[in-house]
Structure formats: C-alpha cells, structure tokens
Amino acid sequence: MEPINIVNSIYAPLDRKNVDTDQIISKEFLKRIERTGFGQYVFYHWRFDKDGKPNEDFVLNKPEYNSAEILVAQDNFGCGSSREHAPWAILDYGFRVVIAPSFADIFHNNCFKNGILPIKLTEAECDELLEKGLEKAQAIEVNLEQQTVTTGYGKTYSFTIDPYYKQMLLNGWDEISLTFQYEDQIAAYEKKRIAY
Amino acid sequence: MGKNIIEKVWEQHVVHREEGKPDLLYIDLHLIHEVTSPQAFEGLRLAGRKVRRTDLCFATMDHNVPTKNLPTINDPIAKKQIMTLAENAKEFGIELADIGHPDQGIVHVIGPELGLTQPGKTIVCGDSHTATHGAFGAIAFGIGTSEVEHVLSTQTLWQLKPPTMEIRVNGELGLGVTAKDIILAIIAKWGIGVGTGHIVEYTGEAIRKLSMEERMTICNMSIEAGAKAGLISPDEITVEFLRGRRHVPQGEQFEEAAKYWLSLASDQDATYDVVLEIDADEIEPIVTWGTNPAMGVGVSKTVPTAADYNNEADRAALNKALEYMDLQEGQNITDIEIQHVFIGSCTNSRINDLRAAADIVKGDKIAPGVKGIVVPGSWSTKRQAEEEGLHQIFLDAGFEWRESGCSACLGMNEDVIPSGERCASTSNRNFEGRQGAGARTHLVSPAMAAAAAIHGRFVDVRKLQKQEA
Ligand code: SF4
C-alpha cells in the first residue's frame with residue numbers, strides 16, 4: 001500500500017448525498033478477478049449516457065477537474081454494498097482523498113486498507129468546499145500528519161482520525177504482516193475459545 | 001449493571017486490546033462467495049500465505065449464478081469468477097457448496113439452514129447483508145475484500161468497538177403486516193443513516209413473537225439502516241430452529257450449547273448508547289416509492305410532496321427520486337402499476353416467505369402484462385417448497401419457478417429488469433439501476449409482491465385478507 005501524507009491537488013466537487021457503492025461501481029463491472037482496472041468504470045452511469053457518450057454536465061467529465069486527486073461529497077458517502085471494488089475504482093481513477101461529512105462503515109474501513117484517506121469535515125465545511133469548488137476548480141492541501149485541509153480561500157479545516165489508521169496510512173503498512181506479530185495471542189485464544 | 005448481548009459477545013472475542021488501537025477480534029465463521037473473494041485468495045498466493053482455519057470457512061456461489069438452465073453459464077466472466085472460487089476452495093482446502101451441490105444457495109440463507117450460524121459467534125462475509133445471521137444472536141457483519149484476506153490468513157480482524165443501539169418494537173403486528181414491514185417502517189421513520197456506526201439489537205414484544213425466518217428478514221436490512229450489524233437475543237425459538245441441523249452439536253452436547261446460547265441474551269437491566277422505540281400496531285404494509293430504502297410509506301398513503309419536507313436538500317432528493325421512478329407527488333400508492341414481480345433474495349426467499357406469497361397467489365392468475373419470478377433462497381428451500389406443492393401454485397398462476405441464487409436482487413446474472421419498467425421486489429435495495437440500468441424498484445413484503453402480481457398494481461393485502469375472512 002502506498003503511504004499517504006500531503007496531497008496538494010484540485011478537488012472534484014460531487015454535490016450528492018448518499019452516494020452508494022452501486023453508483024461508484026456498477027455491478028456489471030464487478031466480474032474482474034483482479035484489484036486493478038476498475039477506474040475506467042467509476043461512476044459509470046453518471047459519466048456516460050445510455051449510448052456510452054460522456055455526459056458533459058457531470059463534474060468528472062469537465063476538463064477543469066481532470067487532475068483531481070481529491071473528491072468532496074455530501075453525507076453518507078459509500079453506503080450500500082460491501083464491495084471493495086468501490087474504493088479500488090476510486091483509487092484507480094486517481095483519487096487519494098475523499099472528503100464528506102460522514103461515510104458508511106464498510107466503505108470507510110475499506111479506504112484505509114487501500115491507501116485512501118477518508119476525511120470527515122462538518123456539513124458546513126463540506127458545503128463551503130462544494131460551493132467554492134463548483135464556482136471554479138480550485139486546489140486544496142490535505143496534510144494527514146497535521147490533520148488539516150487548507151483551502152485556497154483562506155480557511156484551514158482540521159479533522160480527527162483514529163490514530164491507528166493514521167499510522168497505517170502514513171506508513172503504508174500491510175495490516176496482515178502487523179497482525180502476524182500477535183500470532184501467539186491468537187493461538188492462545190484458540191486454545192480457550194468456546195466453540196460448538 | 002447488566003450487559004447487553006453485543007457487549008457480551010464482543011468481549012468474549014477480544015484476542016488483544018491495547019490503548020489507541022482497535023480490538024483484535026477473533027472470527028468464528030467466515031462465509032465466502034465468488035464476487036468478493038478472488039482478489040483475497042490472489043493476495044494470499046502472492047504473499048505465500050495459507051488459510052489459518054479452513055474449518056471455520058465455508059464457501060458457496062450465489063451472486064452470479066444463473067437461475068435457469070444450470071449448469072450452463074452463458075456469461076463468460078461470471079463463469080470465470082465461479083470457477084475461480086471452485087479452484088480457490090480446492091487449493092486452500094475450504095468446504096464449498098458448489099453449483100449443483102444440494103446445499104447451494106444464497107450464502108445468508110444456507111448458513112442458518114446448515115446450522116453454521118449460531119448464537120454467540122462472530123460471523124463475517126464479504127457481503128453487507130451478513131447482518132442477517134444476527135437473527136441468532138451472533139455479531140455478524142460485512143467486510144471488504146482486504147478484510148476477507150486478513151481473516152483468511154489470521155482468523156481475526158482489527159475492529160473498533162462500535163456503540164450499541166436498541167430498537168424496541170412494542171406491541172403486536174396487525175394482520176397482513178410482516179417482518180419486512182417492520183424493518184422498512186424503521187428505516188422510513190428514522191432514515192438510512194440512523195444506525196451508522198452502531199450495532200443494533202432489536203427487542204420488544206413484536207420481535208420476540210417472530211419466527212427465525214422473520215427475524216432474519218429484519219436483521220438482514222440492518223445495513224439499509226446504516227448499522228454495522230443487527231442482532232436479536234436468542235430464545236427458545238432460536239434453539240428450536242437450530243436443533244438437529246447439520247453443524248450444531250447433537251444429543252446432550254446440544255442441550256449444553258443451548259444453555260450457553262440462552263445465557264448470552266441481553267440482561268433485563270442492560271443499557272445501550274441509543275434507544276429507539278416504535279409501536280408495531282402503527283405499522284402498515286410498506287411500499288418504497290423512491291431510490292433509497294427510507295423512501296417508503298404505508299400502502300394506504302400517497303407518494304410524499306415537497307411540502308412534507310422542511311429542507312432544500314430533502315426536496316431535491318424527492319424530485320430526483322420521483323424523476324427516476326417516474327412518479328408524481330401525492331400519487332396514491334395503490335395507483336402505481338407494475339410490470340415485474342421478483343420474489344427472492346436473502347431478505348425474503350425462505351420457506352415462510354414462499355408460503356406467504358403462495359397463500360395470496362393460490363387459485364389466481366398474474367395480471368396480463370406482468371412478469372413474475374420466484375427464486376428460492378437455496379436448493380434446500382426449493383426442495384421443501386416443492387414438497388409442499390408451492391411451486392405448482394406459482395406455476396399455475398403464471399410465475400416462473402427458478403433455481404436458487406441472488407438473481408434479480410442485483411441483476412448480476414441474466415435476471416435484470418428492463419429500463420423504465422417497474423418491479424415489486426422482496427429484496428432489500430431500491431437504488432438507481434440496482435435491478436438493471438433504468439429499472440424502477442419498489443421494495444415490499446412477499447405477500448404484497450404476490451398481491452401486486454395478481455392485480456398489476458399495489459394493493460393492500462390487509463383488505464384482501466379481510467374479504468376472505
Ligand atoms: S440476495 Fe441480494 S442482498 Fe442478498 S447476498 Fe445476494 S445480492 Fe446481496
């Protein structure tokens with residue numbers, strides 16, 4: 001997993017609530033057996049119309065947001081199914097950071113396993129980001145170490161993050177290797193566990 | 001002070017706890033299916049790792065399997081995923097209910113059928129509806145593929161201990177109102193974010209009276225309420241459901257297990273971080289009109305209007321949903337005509353669901369222009385239904401009687417609803433495009449779906465029952 005700390009980039013304002021994983025990656029694209037190659041399908045039914053032509057109104061299709069590595073959305077981002085294909089698609093498309101007022105649990109968890117930083121800002125802060133970002137594309141700086149988001153319009157927002165997950169992202173740790181350090185405890189637990 | 005079942009089961013599974021870290025939690029049962037596991041097995045292979053406890057894993061295919069003309073699989077990519085699971089199960093030594101196996105079915109239907117699902121277990125699966133197994137008093141939740149890999153290699157997961165929530169359903173359900181209506185009513189009342197981050201215990205008189213199948217329907221949709229998991233304390237109904245099943249202990253050992261299971265039930269004076277209450281007698285059969293599961297109302301009501309909401313965002317969501325669903329504000333629910341009926345999915349495809357639907361259908365015919373399919377949740381359910389003659393009732397009425405799988409719940413196989421058409425569905429998600437690009441889904445109970453098939457529109461099943469009485 002690639003470590004992450006400072007991301008300085010344009011952000012894509014996705015002004016929607018309850019963006020679910022079916023919308024992030026539609027089921028017809030779930031049949032690959034690899035982890036990569038999902039980016040081309042991200043938000044497919046929003047990006048393309050029925051005939052496969054790009055929908056020019058959709059934010060990701062506007063050239064000014066092309067280089068965005070940060071995605072900003074509304075409440076309850078990533079709700080729906082547990083498919084990790086959703087964060088894979090987001091990462092593969094080029095996003096490293098997703099900012100929203102709240103995230104669905106499994107999606108939130110999945111982000112950390114894939115080197116995506118999910119940031120919770122308040123609703124008002126997200127609204128402001130969305131509004132300014134829709135007016136005109138702008139860059140912000142995300143700093144995980146400092147736990148801050150610095151905007152181009154003179155405001156700095158801070159966010160909280162679980163310290164364990166923060167370390168994981170900063171160091172790009174592989175969680176399974178970490179857990180192997182607890183192998184003795186797992187074995188000891190197995191000896192005394194209640195099992196029917 | 002007493003403890004609730006969530007705390008009891010959680011504490012029992014902590015392998016390691018340390019300040020500033022999530023708990024390292026032991027996993028008792030890992031269910032595996034074809035869509036979310038290939039990359040996890042690939043990860044093991046690349047790292048040269050093996051599966052720590054093959055005896056605590058169980059695999060089956062469900063999401064992609066065709067529900068007719070088996071064993072032919074036309075879609076080459078689906079076929080590849082299905083074959084990949086079979087190869088992985090073989091290579092790593094995991095028990096598999098393969099296509100054609102008498103136990104095969106939707107993973108959340110067969111776990112309980114086989115007695116793999118038991119009170120007090122921690123159960124995970126790379127699927128959000130794993131919460132279904134909570135009906136037995138297990139902590140059961142969906143995980144992503146990286147976590148699938150983590151459980152395969154360590155039999156544990158790092159988990160932050162979630163806050164707890166009690167949702168108490170007081171009183172008694174009216175005639176024609178089902179478990180599906182309870183959970184849809186809960187989500188409609190408090191929204192799809194109500195449970196976010198929490199593990200929910202469903203309690204109260206109305207819950208205690210439900211069969212295990214009905215309890216599974218409720219826990220199944222915990223995820224639609226945003227919860228990490230949902231469960232119900234075990235009682236005699238739980239114990240009797242499990243008695244004699246293949247993977248539970250037999251004879252005297254069963255009684256011992258039963259005693260232990262019952263001891264896990266929440267204590268009388270247990271407390272929760274959040275408590276919500278709803279009255280069962282307020283609940284009527286629910287029909288969703290929109291594009292998330294909270295957008296539902298009683299069948300006697302109308303589609304909401306902008307005036308029902310007090311903020312802009314909600315009004316915008318209403319408009320967007322109505323546009324997608326091609327409905328009008330204030331329209332009667334019973335004026336909505338449907339073209340498809342899907343009876344199936346891990347929410348409502350068990351034997352009691354098929355019985356409830358057959359009860360309504362019996363002796364009638366599907367309305368002209370309506371296409372109905374019935375997809376039993378497992379081969380075992382299918383055999384049982386056929387023994388009871390339910391399949392004949394459906395066939396006589398004009399339904400298709402299919403083989404088991406997820407089917408039109410998510411339309412990963414051929415069972416998709418055409419764009420612009422409307423489906424009364426017993427599944428759990430009505431997101432845009434869920435049942436097919438442009439398809440319009442209305443979530444309902446099996447009885448309501450069956451009644452809609454006969455009438456070509458939504459009808460209040462309570463009125464049907466009153467007429468017969
Ligand atoms: S039936 Fe539907 S909700 Fe259940 S596991 Fe299958 S796809 Fe998921």
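All values derive from a computational prediction rather than experimental measurement. Just so it is clear: chains get the letters A, B, ... in the order the sequence lines come, proteins before strands, and each one is counted from 1.
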Checklist entry - For A:Q74, is it the side chain, the backbone, both or neither that has a heavy atom under 4.5 Å from a heavy atom of chain B? => result neither
Next on the checklist: Shorter than 4.5 Å, heavy atoms on both sides: which option in B:I143, B:V416, B:I223 has the most such pairs with chain A?
Outcome noted: B:I143
Checklist entry - Donor-acceptor pair, B:Q81 side chain versus A:L30 backbone, under 3.5 Å? => result yes
Next on the checklist: Is the distance from the ring center of B:W158 to that of A:Y182 below 6.0 Å?
Outcome noted: yes
Checklist entry - Looking only at atom types and distance, does a side-chain atom of A:K27 sit under 3.5 Å from a main-chain N or O of B:G433, one as donor and one as acceptor? => result yes
Checklist entry - Is there a donor-acceptor contact under 3.5 Å from the side chain of B:Q39 to the main chain of A:E34? => result yes
Checklist outcome for this item: When the 4.5 angstrom heavy-atom criterion is applied to A:D75 and chain B, the contacting part is neither
Item to check | B:R429 side chain to A:G80 backbone, donor-acceptor under 3.5 Å | outcome: yes
Next on the checklist: Does any backbone or side-chain atom of A:Q23 lie under 4.5 Å from a heavy atom of chain B? Answer side chain, backbone, both or neither.
Outcome noted: side chain
Checklist entry - Counting N and O atoms only, with roles assigned by atom type, does the side chain of A:D105 sit under 3.5 Å from a partner on the main chain of B:G197, one being a donor and the other an acceptor? => result yes
Item to check | For chain A, the option from B:G20, B:S153, B:G438, B:G193 that forms the most heavy-atom pairs under 4.5 Å | outcome: B:S153
Item to check | Mutual orientation of the aromatic rings belonging to B:W261 and A:Y196 [parallel < 30°, tilted 30-60°, perpendicular > 60°] | outcome: perpendicular
